S.K.: 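Shown below is the structure under consideration.
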Number of protein chains: 2
Amino acid sequence: MVRIIENLNLSEQVTNDLGRAIVAGEYSCESGLPTEAQLCEEYGISRTAVREAVKMLAAKGLISSRPRQGISVEQPSNWNLYDTSVLSWLLDSSPSLHVLKEFLQMRLAIEPQAAALAAEFARDEDIDQIEKAVEAMRTAATDPSASMHDADLAFHTSVLFASRNRFFFQLRDFIRTALNVSIQHTTPAKANDVAVAEDHAKICLAIRNRQPERAKNLMTHLIDEAMSFIEAEIKRRS
Amino acid sequence: MVRIIENLNLSEQVTNDLGRAIVAGEYSCESGLPTEAQLCEEYGISRTAVREAVKMLAAKGLISSRPRQGISVEQPSNWNLYDTSVLSWLLDSSPSLHVLKEFLQMRLAIEPQAAALAAEFARDEDIDQIEKAVEAMRTAATDPSASMHDADLAFHTSVLFASRNRFFFQLRDFIRTALNVSIQHTTPAKANDVAVAEDHAKICLAIRNRQPERAKNLMTHLIDEAMSFIEAEIKRRS
DNA sequence: TAAAGCATATTATAATACAAAAGTAATAAT
DNA sequence: ATTATTACTTTTGTATTATAATATGCTTTA
């Protein structure tokens, strides 16, 4: 029986359940999925709900279905990894340290360029938003009741927004997920937090001063630090 | 009535039709979509087909639906732009020169980093693939019957693959679309093609010689050329 | 042997019915 | 008069049944 999750209707729950199973490799490309009729029986639900789940998974690139052939699993390279659900299913099934490295490689591509674009194209109110996040980080660095992580997320999201390019801003969920995974592997060392906040402040200042190259380099440095930490962690564990 | 497209079943056709209309702004966030019943009547189809289309659009982040409230359009910032369908709907409705600039800003983030990763992590067979694409470009540069564009696409795709990071490779459809839009705005100047092919060859060589920084810089230069061309074009038309 | 047709399994579409959710209006109680 | 409760209404959510379309394999036939 499907795990019940609040606020999700039946077809969405089945989507979640099947999506998770597919990404976890419980159904291979060769074997495919059970037929609609079998899924109805397994879950004890109507064909309507099963079909709607199948359609949603197909829309995310995980499966495809044809008459007489049944439901087949698409190659993982066709899965839409930038879909929030697919991403969460992926994290549920993969050793997160390895995925984290991939995340950081991606962030190293996206965020420095976003910072550069922000320095070039951000509106004043965008920069105010970034500064607000920096202030929140400064507060959180000393105040134990405030969340450093939330402020950090707000910072990176607002930079993406300030890039004024929707393809960059669209990646905010991706970045959010990456940050979530990061803190799972970070020892809570409040000692560095003040310095970290100031590193972020520098980026904000570079953007406000309209220095694209400087903003880019500072952002690269910021993420590179996290990267070197993770690489050390990977080496330590192997 | 919905436009008939080959190889698409009814619910997929309706998905296409509604998706296009939503992205084109024919339904706003405030107004929302017609009710399922109304859509059935408009398209002259059953509720089954309409609901499946609605579910697929919801899976792509374009809409959401609730009892009594009907179907509402999500904010554009929630649309999954990295979905191939959504991307094509976007191109159908936006002035492509502006979108093209956003594409190039994104490519400028992704591809140089992908080249650097390829130089670091690519397997030998990955590099062979890149080289094959380079050879195809060289051929196409002089042979009018061969397609320069196809070879170009193969090159960029194989570099993404060689990065050995699935988040990068996942963007191949995005890059493909970007290249397609590019050639719509490029005057077919076969004169440069030989030089262009050699620029690509240099990147391939840098990757084979395991020079991440060099590969990155060369790729940046390559895309920057396209960018400056587009910016000139935008200025010319304004 | 090859082509045509037939059987069969599975998804695709339709139609209908009822349940659930969420507003809205009417009613009752204080 | 205000608030709480109830009943009603609209729309999506789920179930059921039936039939069509599609693709595959098998069988028959020329």
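The chains referred to below are lettered A, B, ... by the order of the sequence lines, with proteins before strands, and numbering in each begins at 1. Remember, it's a predicted structure, so these values are computed and weren't measured experimentally.
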S.K.: Parallel, tilted or perpendicular: which one describes the rings of B:Phe103 and A:Phe167, with boundaries at 30° and 60°?
M.R.: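 B:Phe103 vs A:Phe167 ring planes: parallel.
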S.K.: Heavy atoms within less than 4.0 Å of DNA chain D: which residues of residues 28-36 of chain B have one? Give them sorted by number.
M.R.: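 Heavy-atom contacts with DNA chain D come from B:Thr35, B:Glu36.
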S.K.: Counting only distance, no hydrogens or angles, is the base of C:dG23 paired donor-acceptor with the side chain of B:Arg66 under 3.5 Å?
M.R.: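 Answer is no: no donor-acceptor pair is held.
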S.K.: Contact class for A:Thr48 (heavy atom, under 4.0 Å): base, sugar-phosphate, or nothing?
M.R.: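 Answer is base: heavy atoms of A:Thr48 come under 4.0 Å of a base.
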S.K.: Using a distance-only test with no angle check, is there a side-chain donor-acceptor pair under 3.5 angstrom linking B:Ser163 and B:Asn165?
M.R.: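 No, B:Asn165 and B:Ser163 have no side-chain donor paired with an acceptor closer than 3.5 Å.
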S.K.: Does any N or O in the side chain of B:Tyr27 come within less than 3.5 Å of the main-chain N or O of B:Ser72, such that one atom is a donor and the other an acceptor?
M.R.: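 No, the answer is negative, given that no donor and acceptor are paired below the 3.5 Å cut-off.
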S.K.: Distance-only, no hydrogens or angles: does the A:Lys55 side chain make a donor-acceptor pair with backbone N or O of B:Lys55 under 3.5 Å?
M.R.: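 Not confirmed, A:Lys55 side chain does not pair with B:Lys55 backbone.
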S.K.: If you check every side-chain atom of A:Asn9, which of C:dT13, D:dT14, C:dA9 has the closest atom?
M.R.: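 Nearest to the side-chain atoms of A:Asn9, counting from C-beta on, is D:dT14.
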S.K.: By nearest atom, which of the nucleotides D:dA21, C:dA22, C:dA14 is closest to the A:Pro67 side chain?
M.R.: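 Looking only at heavy atoms from C-beta outward on A:Pro67, the closest nucleotide is D:dA21.
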S.K.: Partners of B:Asp126 by salt bridge (Lys or Arg N to Asp or Glu O under 4.0 Å), sequence neighbours excluded?
M.R.: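 Here the qualifying residues are B:Arg164.
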S.K.: Can you identify which nucleotide, out of C:dA12, C:dA22, D:dT14, has its nearest atom closest to the A:Arg47 side chain?
M.R.: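 My answer, after comparing the listed nucleotides, is C:dA12.
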S.K.: Output the single nucleotide from C:dA22, C:dA12, C:dA9 whose closest atom is nearest the side chain of B:Arg68.
M.R.: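 Minimum distance to the B:Arg68 side chain belongs to C:dA22.
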S.K.: Counting only distance, no hydrogens or angles, is the base of C:dA15 paired donor-acceptor with the side chain of B:Ser46 under 3.5 Å?
M.R.: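 Counting by modelled atom types and ignoring angles, no donor-acceptor contact under 3.5 Å is found here.
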